[in-house]
Amino acid sequence: MINVNKSAGPFSLILVLLSLLASSCSDNSISFNEEIPGGEWSRYNIPRFEAGISDTLNTYDILISLRNSYNYPYRNIFLFVKTVSPRGYSIKDTLEYQLADESGKWYGRGLGDIHNISLPYKSNVLFPDTGTYIFSIEQGMRQDKLEGIIDVGMIIRKAE
């Protein structure tokens with residue numbers, strides 16, 4: 001079973017929504033997002049998610065979810081994803097994802113000028129310990145403010 005809590009802060013409404021989302025999800029999958037204020041992702045705004053893991057027998061797939069507008073000026077995005085285990089061990093990955101093809105057509109699903117995409121982060125993950133795992137996602141595009149990113153999130157689902 002996986003439980004999700006957003007880190008404490010002034011976002012009590014987000015906490016309530018995440019609690020409702022976590023309780024409505026099956027034991028096989030959870031997802032959560034953080035809205036990026038004004039659609040400009042500051043390099044100092046590092047979304048942080050906590051997932052309580054109690055299942056060390058099954059494997060999971062972890063995906064990163066992004067929602068961007070047509071204002072996003074690039075075809076790709078660089079991310080730094082840090083994971084901290086319940087024992088305090090951490091790993092930081094540098095990732096590059098393609099969000100559009102050479103002609104500028106966005107990947108993923110879209111409605112109007114907004115596009116959603118789920119990007120594979122890790123597959124068949126076996127969580128070695130029970131407890132709270134902390135995930136943080138930082139934009140790595142060498143800009144103080146990255147225009148056009150609306151939401152950033154993560155999906156953890158039981159591997160098929």
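Between Tyr72 and Tyr74, the ring centre distance stays below 6.0 Å.
Between Glu138 and Lys92 there is a salt bridge, with a side-chain nitrogen of the basic residue lying less than 4.0 Å from a carboxylate oxygen of the acidic one. The pair Asp61-Lys158 does not meet the salt-bridge criterion, since no charged nitrogen lies less than 4.0 angstrom from a carboxylate oxygen.
Checking Asn33 against Ser65 by side-chain atom types alone, a donor-acceptor pair falls below 3.5 Å. Judged by distance alone, the side chains of Asn76 and Glu96 do bring a donor and an acceptor atom under 3.5 Å apart.
Contact between Pro37 and Asn45 at its shortest, heavy atoms only, is CD-ND2, 3.7 Å. Taking all atoms of both residues into account, the shortest heavy-atom contact from Thr56 to Asp129 is CG2-C, 3.7 Å. Considering all non-hydrogen atoms of both residues, Pro47 and Ile36 come closest at CG-CD1, 4.4 Å.
In this pair, Tyr133 and Phe135 present their aromatic rings parallel. The plane angle is below 30°, not in the 30 to 60° band.
You'll find the side chain of Thr83 stays beyond 4.5 Å of the side chain of Ile134, heavy atoms only. Side-chain contact between Arg157 and Ile30 is absent, with no heavy-atom pair separated by less than 4.5 Å. Met154 places none of its side-chain heavy atoms less than 4.5 Å from the side chain of Leu63. The shortest distance between side-chain heavy atoms of Leu66 and Val152 falls below 4.5 Å. A 4.5 Å side-chain heavy-atom check between Ser136 and Ile46 finds at least one atom pair inside the cut-off.
For the atom pair Leu99 CG and Ile77 CD1, the distance stands at 6.0 Å (nearest 0.5 Å). Atoms CG and CG, on Asn124 and Asn58 in that order, are 11.0 Å from each other to the nearest 0.5 Å. Between the CD1 atom in Ile149 and the CG atom in Asn68 there is a gap of 5.0 Å [rounded to 0.5 Å]. Atom CD1 of residue Ile64 and atom OG of residue Ser118 lie 10.5 Å apart, to the nearest 0.5 angstrom. One finds the OG1 atom of Thr94 at 12.5 Å from the NZ atom of Lys82 (value rounded to the nearest 0.5 Å).
By the neighbour-count criterion of 12 heavy atoms within 6.0 Å, atom NZ of Lys122 is densely surrounded, having more than that number from other residues, nucleotides or ligands. A 6.0 Å sphere centred on CD of Glu160 holds no more than 12 heavy atoms belonging to other residues, nucleotides or ligands.
Using a 4.5 Å cut-off between side-chain heavy atoms of Ile, Leu, Val, Met, Phe, Trp and Tyr, with links allowed through other members, Val81 and Val125 fall into the same hydrophobic cluster. Ile150 and Phe78 are not part of a single hydrophobic cluster, where members link through side-chain heavy atoms under 4.5 Å apart. When hydrophobic clusters are built by joining Ile, Leu, Val, Met, Phe, Trp and Tyr residues whose side-chain heavy atoms come closer than 4.5 Å, directly or via intermediates, Ile117 is grouped together with Leu95. Clustering ILVMFWY residues whenever any of their side-chain heavy atoms sit less than 4.5 angstrom apart, transitively, puts Met141 in the very cluster that holds Tyr121. Hydrophobic clustering of Ile, Leu, Val, Met, Phe, Trp and Tyr side chains at less than 4.5 Å, counting indirect connections, keeps Tyr60 apart from Ile155.
Residue pairs satisfying the side chain to side chain donor-acceptor pair (under 3.5 Å) criterion with at least one member in residues 101-117, sequence neighbours excluded, are listed as follows: Asp101-Ser103.
Distance alone, capped at 3.5 Å, is enough to place a donor-acceptor pair between the Gln139 side chain and the Trp41 backbone. Looking at Asp55, its side chain does come within 3.5 Å of a backbone N or O of Leu57 through a donor-acceptor pair.
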Decide side-chain contact (heavy atoms from CB on, under 4.5 Å) for Tyr89 and Val84; before the verdict, give the C-alpha distance in whole Å, the side-chain angles of both, and the deciding distance to 0.1 Å. CA-CA 6 Å; Tyr89 300 116; Val84 180; over 6 Å; no
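By the side chain to side chain donor-acceptor pair (under 3.5 Å) test, Glu147 pairs with no residue at all, sequence neighbours left out.
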